[in-house]
Amino acid sequence: MAQPSSGYAGGGATGADGMRTVKADKPPDMVMRCRALMNTPVSRNDPAALQAKKDHLRATAAQRAQLDAISSKKRNKALAVLSND
């Protein structure tokens with residue numbers, strides 16, 4: 001008998017907090033990346049979070065373009081902090 005699909009292609013089990021856990025057979029660097037993503041805080045007024053909800057917020061094309069520009073500037077500033085200038 002086939003098992004019902006969980007809709008989660010990465011496998012793993014559900015932890016006590018309801019979050020999917022990463023399988024132990026995954027490479028350590030993949031586990032590290034997954035944990036970093038799961039622990040990254042997301043502010044509801046972050047440009048990327050607002051872009052994700054653009055349809056719900058009924059953002060206009062101009063508003064989406066402004067959010068893209070803000071996100072791009074933030075990414076560039078973050079990279080500049082780590083550059084060896």
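Legend: residues meeting salt bridge (Lys or Arg N to Asp or Glu O under 4.0 Å) with D55, ordered by chain and number and at least two apart, are absent. For Q63, the side chain to side chain donor-acceptor pair (under 3.5 Å) partners two or more places apart in sequence, or in a different chain, are T60. Not a single side chain to side chain donor-acceptor pair (under 3.5 Å) links R64 to another residue, sequence neighbours left out. Under the side chain to side chain donor-acceptor pair (under 3.5 Å) criterion, N39 pairs with no residue, sequence neighbours left out.
Atoms NZ and CZ, on K26 and R33 in that order, are 11.5 Å from each other to the nearest 0.5 Å.
Within 6.0 Å of NZ on K54 lie more than 12 heavy atoms contributed by other residues, nucleotides or ligands.
Within the structure, every pair that satisfies the side-chain hydrogen bond (donor to acceptor under 3.5 Å, both in side chains) test and touches residues 70-80, not counting sequence neighbours, is listed here: D46-K74.
Side-chain atoms of R35 and M32, non-hydrogen and from C-beta on, never get closer than 4.5 Å to each other.
L50 forms part of a hydrophobic cluster together with L57, L67, judged by ILVMFWY side-chain heavy-atom separations under 4.5 Å.
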